[in-house]
Amino acid sequence: MSNPTIMVIGSINVDLVTVTDNLPDQGETLLGNQFHINPGGKGANQAVAAARLGANVQMIGKVGQDSNGEDMLKALEKENVSTTMIESVSNVSTGIANIILSNHDNRIIIVPGANNEVTPEYVKQYKEEILKSDLVLLQFEIPLETVMYCLDLCKEYDIPVVLNPAPAREMPEAYWLMATYITPNETEAERLFSEKDSNLNHKLIITKGEHGVSYSMNNERFIVPSYSVEPIDTTGAGDTFNGALSVALSEGLDLPSAINFANAAAALSIQKFGAQGGMPTRSEVQSFLQ
Ligand code: RIB
C-alpha cells in the first residue's frame, strides 16, 4: 500500500515546560531547574508522530496571529505536515500548555486560545479533503461540537476515525459509537466509560503506561505489553501512540500488531525530552522492534 493519508483535526499549542524536582504547595515559590519552549498540542503532536512514520499528514486547526503561531506553523512544515488548512486568526493567541515536568512525569494546564476557534463551520469548508483521507484522527482539545461534527461526517462517508478522548470530556453515547477506535489512557477510561458502556467495549483501546495496552476482540479483553525503557519525559507518549496506531491501522495491520507498533513508537518517544522531541522515524521503530 502507498503511504496512507491521515487527516488530523485538532489543537496546536506552544508548550512552556518547567523542569523541577519538587512541586510548590499553595502560596509557595520554588526554584526550578530548566525552562523550555517546545511545539505541542495533542493534534499537532499526533500529526508529527504520523508524519515521522511516513504518512502523508494534513492538519486542520488554528493558531493566533502571533510569533508563537508563526513558530508552530514552521515547526509543522519542517515535519512535512501540510499546513494549508491551518488558519492564523487575529484577536486570539496561539494555544498554550503550561507543563510542569517533575520526576519524568508531567502536569499540564492548557489555555486553548485559537484552538477554540476550530468550529464546525471552519472544518466544514474542508469536507472534500477530509473525505479523501484514509483515516481521521481526533482529540478533545478543540470544541466538542467540532469533534461531534467530524464523527458524524466520517460515519456518513465511512472514513475510519481514531478518537483520542484527551482531555476527558463527556459526549452523548451516539457519538462515541461513531468512532472506529477510542483511545483513552487509564484515567480517562475510568472517568468516561463504565460497565454500562459495554456496547463501546469493542472500540476501546486503553493505554495503561507500563502495564501495556488493552483492547477487545470477540468480547474478550487482551493486553499488548508495553516495552520497558527508562523514561526521560513522558509528555507526548500518548500522542506518539495515537499517531503510530493510526499509521499502522491505515496500512492494514491487524489490531494487536498495530498496537505493538504504536507501543514501540511510544517507548522510543519517552526516552527523549519534549512532546515531539523523541518521536521516532519509521526506521527507528523498525530497528527497535528487531
Ligand atoms: O499530550 C501532550 C500535549 O498535551 C502537550 O504537547 C500539550 O500541548 C498538551 O496539549
Side-chain angles (χ1 to χ4, degrees), residues 8 10-49 59 61-76 79 81 86 88-118 138-144 146-147 164-169 184-188 191 207 209 231-243 266 269-279:
V8 180
S11 59
I12 302 164
N13 293 333
V14 175
D15 288 355
L16 306 177
V17 188
T18 300
V19 185
T20 175
D21 294 331
N22 302 301
L23 297 170
D25 286 331
Q26 178 96 33
E28 188 186 17
T29 302
L30 286 180
L31 293 182
N33 301 336
Q34 294 168 31
F35 176 72
H36 301 266
I37 301 178
N38 294 330
K42 293 186 197 305
N45 293 345
Q46 294 179 21
V48 169
M59 182 163 183
K62 293 204 182 189
V63 292
Q65 270 175 20
D66 47 29
S67 59
N68 282 340
E70 279 170 30
D71 291 347
M72 292 308 103
L73 285 176
K74 278 188 207 142
L76 285 168
E79 297 288 348
V81 173
I86 299 176
S88 301
V89 285
S90 53
N91 303 323
V92 60
S93 52
T94 299
I96 291 288
N98 283 293
I99 301 182
I100 296 183
L101 183 64
S102 188
N103 294 320
H104 310 299
D105 219 338
N106 57 64
R107 288 171 165 76
I108 305 181
I109 299 176
I110 289 165
V111 182
N115 295 309
N116 274 346
E117 311 283 314
V118 184
L138 301 167
Q139 318 76 27
F140 274 172
E141 287 185 343
I142 55 172
L144 196 57
T146 307
V147 175
N164 177 220
R169 292 163 85 174
N185 65 21
E186 233 172 340
T187 319
E188 290 148 1
R191 169 132 179 240
T207 55
I232 300 288
D233 181 2
T234 56
T235 312
D239 297 330
T240 309
F241 178 88
N242 278 280
S269 79
I270 63 175
Q271 294 176 68
K272 288 194 189 147
F273 182 74
Q276 298 175 12
M279 287 174 176

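For clarity, every value in this text was computed on a predicted model and none was experimentally measured.
At a threshold of 4.5 Å between non-hydrogen side-chain atoms, the residues Asn45 and Thr240 do not count as touching. Side-chain atoms of Ile86 and Val81, non-hydrogen and from C-beta on, never get closer than 4.5 Å to each other. Looking only at side-chain heavy atoms (C-beta outward), Ile142 and Val147 come within less than 4.5 Å of each other. Side-chain contact between Ile100 and Asn98 is absent, with no heavy-atom pair separated by less than 4.5 Å. For the pair Asp239 and Gln276, the minimum side-chain heavy-atom distance is 4.5 Å or more.
Contacts of Glu70 classified as side-chain contact (heavy atoms from CB on, under 4.5 Å), with partners at least two apart in sequence or in another chain: none. Among residues two or more places apart in sequence or in another chain, the side-chain contact (heavy atoms from CB on, under 4.5 Å) test is passed with Thr187 by Asn185. For Asp233, the side-chain contact (heavy atoms from CB on, under 4.5 Å) test picks out Leu101, Thr235, Phe273, with sequence neighbours left out. Residues satisfying the side-chain contact (heavy atoms from CB on, under 4.5 Å) test with Thr234, not counting sequence neighbours, are Asp105, Asn106, Pro231, Ile270. Glu188 meets the salt bridge (Lys or Arg N to Asp or Glu O under 4.0 Å) test with no other residue; sequence neighbours excluded.
Minimum heavy-atom separation, Ala49 to Gly243: CB-CA, 4.1 Å. The minimum heavy-atom distance between Asn115 and Pro143, with the atom names listed, is O-CD, 3.4 Å. The minimum heavy-atom distance between Ala266 and Ala237, with the atom names listed, is CB-O, 3.8 Å. Nearest heavy atoms, Met59 versus Ala47: SD-CB, 4.2 Å. Considering all non-hydrogen atoms of both residues, Gly40 and Met72 come closest at N-SD, 4.2 Å. The two residues Pro39 and Ala275 make their nearest non-hydrogen contact at O-CB, 4.4 Å.
Between the side chains of Asp66 and Thr94, at least one donor N or O lies within less than 3.5 Å of an accepting N or O.
Atom CD of residue Gln65 and atom OG of residue Ser88 lie 6.0 Å apart, to the nearest 0.5 angstrom. Atom CG of Leu76 and atom CD1 of Ile12 lie 5.5 Å apart (nearest 0.5 Å). Separating the NZ atom in Lys42 from the CG atom in Asn13 is a distance of 8.5 Å, to the nearest 0.5 Å.
The 12-atom threshold is exceeded at CZ of Arg169, counting heavy atoms of other residues, nucleotides or ligands nearer than 6.0 Å.
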Next on the checklist: Would Asn242 and Gln46 count as a side chain to side chain contact (heavy atoms under 4.5 Å, CB included) here? Give the steps.
Outcome noted: CA-CA 6 Å; Asn242 278 280; Gln46 294 179 21; 3.6 Å; yes
Next on the checklist: With side chain to side chain contact (heavy atoms under 4.5 Å, CB included) as the criterion, how do Ile99 and Asn38 come out once you've worked through the C-alpha distance, each side chain's angles and the decisive distance to 0.1 Å?
Outcome noted: CA-CA 10 Å; Ile99 301 182; Asn38 294 330; over 6 Å; no
Could you tabulate the donor-acceptor pairs under 3.5 Å formed by side-chain atoms of residues 14-27, not counting sequence neighbours?
unit_1 : atom_1 : unit_2 : atom_2 : d
Thr20  : OG1    : Asn22  : N      : 3.2
Thr20  : OG1    : Asn22  : O      : 2.6
Asp21  : OD1    : Asn33  : ND2    : 3.1

